[in-house]
J.: 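Got a structure here, written out as structure tokens. Questions coming.
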Amino acid sequence: MSDEKKSCPAPSKAEPQAERSHLPMWILALTLVLLYLGAVYFDHHGGWFDKEVYAPYASADELDSYQPKSGAAAALAHGRQIYEQVCGLCHGVDGLGKPGQAPPLAGSEWVMAKGVQRLAHIPLTGLTGDVKVKGNDWNMSMAAMGAALPDADLAAVLTYIRSSWGNGMGEVTADDVKAARTAIGAHPQPLSGEQLAKMPE
Amino acid sequence: MKNGFLVFVAAFVVLGGSWCAFVLAPELQLGGAKQTSVLNSSDVYPVQRPGDATLGLQVYRANGCAACHTEQIQQSGMACDLVVTSMGKNRAAFMQAMGEIGDLIYKNNPKDENLEDIVTMNKWKPGDPVRLPVFQNITKEIAAAASDKITTAGGKAEIHINATGADISRGWGLRHSVAEDFLYDYPVQPGSLRAGPDLAGVGARLPDANWQLLHLYAPRSVVKDSVMPPFRFLFEIQKIGEVPSPDALNLPEEFAPPAGYEIVPKPEAKELAAYLLSLRADVPLYDAPFTSLAASTNAPAKKP
């Protein structure tokens with residue numbers, strides 16, 4: 001140690017200095033390639049930040065293509081929607097009817113008839129006067145609430161009424177509604193319960 | 001500092017960029033989330049939890065449930081089921097369509113068990129009971145093509161869309177989780193570790209409050225090999241009074257308190273159970289569509 005103390009320290013080199021240099025070309029190229037691949041991946045998987053598109057869907061179009069568009073369940077849901085808008089106010093969303101307003105549809109012998117022609121006539125012409133529903137007498141008047149609905153929509157409503165609330169009856173097709181409309185003709189008069197009962201099911 | 005301004009600008013851009021990506025962008029994307037409607041229905045989703053379930057969310061938080069349970073279901077894909085609902089009147093045309101569909105499915109997946117249904121159909125003779133085929137786990141394109149063939153032949157078919165993935169096959173849910181599932185959660189507790197099962201649909205899976213209480217008091221009384229710690233401090237042991245408490249747990253002998261005593265849940269336990277029952281992310285939404293076979297039991301009966 002003592003020897004070293006005597007010797008002079010060697011003159012140190014100058015502080016290293018950072019110098020600017022050119023960006024290597026390969027880094028630039030790699031960055032661009034990665035950016036491109038990222039953009040392609042985003043294009044295929046990103047869904048364009050649409051808040052409704054989650055994995056595994058890649059785009060709003062793909063999500064749209066998986067929406068159930070047909071089938072009995074969709075038709076039934078459509079019928080329910082119209083029922084609640086048009087019929088539910090008086091007949092109740094539970095189909096139980098309302099005293100002084102409208103008779104029940106749940107378990108009604110008019111709804112659960114074998115054929116659908118009588119049922120299809122009611123919303124197309126309206127109903128007035130005495131009618132017996134589930135053993136009770138009703139004397140109300142119903143306007144032709146369904147006359148303005150397209151055949152397919154009215155068929156969906158009638159299908160909903162016939163298959164809900166434990167009624168468990170079959171489908172009403174647009175053709176059934178069309179047949180009823182043809183039978184009624186251009187100037188519908190509100191039917192009475194008697195007239196309705198005389199009609200074939 | 002040399003180039004101080006440049007360093008400041010660079011740091012600002014980097015931090016500001018991450019803030020935009022991780023705070024601003026999600027806020028713009030989902031900040032306006034609100035109630036949405038259930039697919040093909042006039043019901044809205046989600047609905048505000050009842051009061052005790054809202055309190056239960058805080059119990060869930062206080063006990064760190066989210067440390068071991070997630071509330072997010074993952075989904076890896078979609079599969080379609082094609083349910084034939086009517087053969088129509090032209091039996092020959094229908095059988096021809098069945099044959100073509102068999103080819104279509106076989107081309108896609110040579111080992112498909114769906115073919116059995118077609119073979120059974122081919123052996124059908126007048127007078128036999130009709131078992132209409134159901135083609136499962138086919139792609140959307142094949143389902144659409146097959147449905148077209150059946151419709152052209154005069155029959156009718158429905159396409160059902162199911163979510164697929166590990167979580168779905170475990171029975172934890174019917175679809176992936178979406179932002180609306182958490183609309184009324186504060187704080188949102190999606191969790192990240194699954195020491196226990198996912199709870200996003202637990203209210204639909206185990207809808208019995210009594211089961212939930214038993215499980216909280218003594219997990220192994222209802223799930224044999226459960227690794228969940230018992231949460232006994234949410235319950236009280238008390239002497240049975242003149243009449244037993246209506247809330248008292250009906251425990252198996254191994255877990256039961258000494259004779260003359262009963263276990264009753266504290267309000268926290270009841271609130272937590274109410275919260276668990278309110279976790280039911282099981283309705284189809286536009287952003288998470290599905291139609292299950294179970295849902296089609298509501299379909300109209302055949303025309304008489």
Side-chain angles (χ1 to χ4, degrees), chain A residues 17-18 20 46-58 60 62-85 88 93 112-116 155-173 175-176 201, chain B residues 2-3 25-26 28-33 36-43 74-80 82-83 85-86 140-141 144 147 151 156-165 175-180 284-293 295-304:
Chain A
Q17 293 255 315
R20 286 170 191 264
W48 288 101
F49 295 121
D50 190 321
K51 65 177 177 181
E52 284 176 325
V53 180
Y54 293 79
Y57 305 102
E62 196 193 345
L63 175 62
D64 214 37
S65 74
Y66 275 108
Q67 299 300 325
K69 290 186 186 70
S70 61
L76 216 55
H78 182 56
R80 174 178 165 178
Q81 201 176 5
I82 302 174
Y83 174 83
E84 284 173 3
Q85 281 168 3
V93 288
M112 294 170 70
K114 228 176 189 165
V116 298
V157 177
L158 296 177
T159 305
Y160 174 70
I161 292 171
R162 270 167 74 81
S163 52
S164 302
W165 317 305
N167 284 357
M169 296 302 289
E171 192 186 354
V172 180
T173 62
D175 289 342
D176 294 332
E201 288 197 336
Chain B
K2 201 180 169 190
N3 293 332
L28 290 176
Q29 191 184 21
L30 294 169
T36 172
S37 59
V38 176
L39 206 58
N40 285 337
S41 158
S42 47
D43 296 345
Q74 315 254 314
Q75 176 183 336
S76 61
M78 309 293 295
C80 289
L82 185 75
V83 184
T85 53
S86 160
K140 178 187 59 175
E141 289 76 18
S147 168
T151 317
K156 277 186 192 163
E158 281 178 26
I159 298 176
H160 290 277
I161 299 153
N162 303 308
T164 59
R175 60 162 171 82
H176 61 78
S177 294
V178 297
E180 286 86 8
L285 304 173
Y286 177 79
D287 39 5
F290 70 88
T291 55
S292 58
L293 281 177
S296 74
T297 49
N298 197 23
K302 285 215 183 69
K303 206 174 167 170

J.: Which residues pass the ring pair (Phe, Tyr, Trp, His ring centres under 6.0 Å) test with Tyr54(A), sequence neighbours left out?
T.: His176(B)
J.: Below 4.5 Å, heavy-atom pairs only: which of Val178(B), Thr36(B), Leu28(B) has the largest tally toward chain A?
T.: Val178(B)
J.: At a heavy-atom separation under 4.5 Å, does Ala179(B) approach chain A through its side chain, its backbone, both, or neither?
T.: both
J.: At a 4.5 Å cut-off on heavy atoms, which part of Tyr160(A) comes close to chain B: side chain, backbone, both, or neither?
T.: neither
J.: Within the distance-only criterion (no hydrogens, no angle test), does the side chain of Asn167(A) pair as donor or acceptor with the backbone N or O of Met169(A) below 3.5 angstrom?
T.: no
J.: What residues form a ring pair (Phe, Tyr, Trp, His ring centres under 6.0 Å) with Tyr286(B), not counting sequence neighbours?
T.: none
J.: Before we go on, tell me: are the rings of Trp48(A) and Tyr57(A) under 6.0 Å apart, centre to centre?
T.: no
J.: Of the backbone (N, CA, C, O) and the side chain (C-beta and beyond), which part of Ser177(B) lies under 4.5 Å from a heavy atom of chain A, both, or neither?
T.: backbone
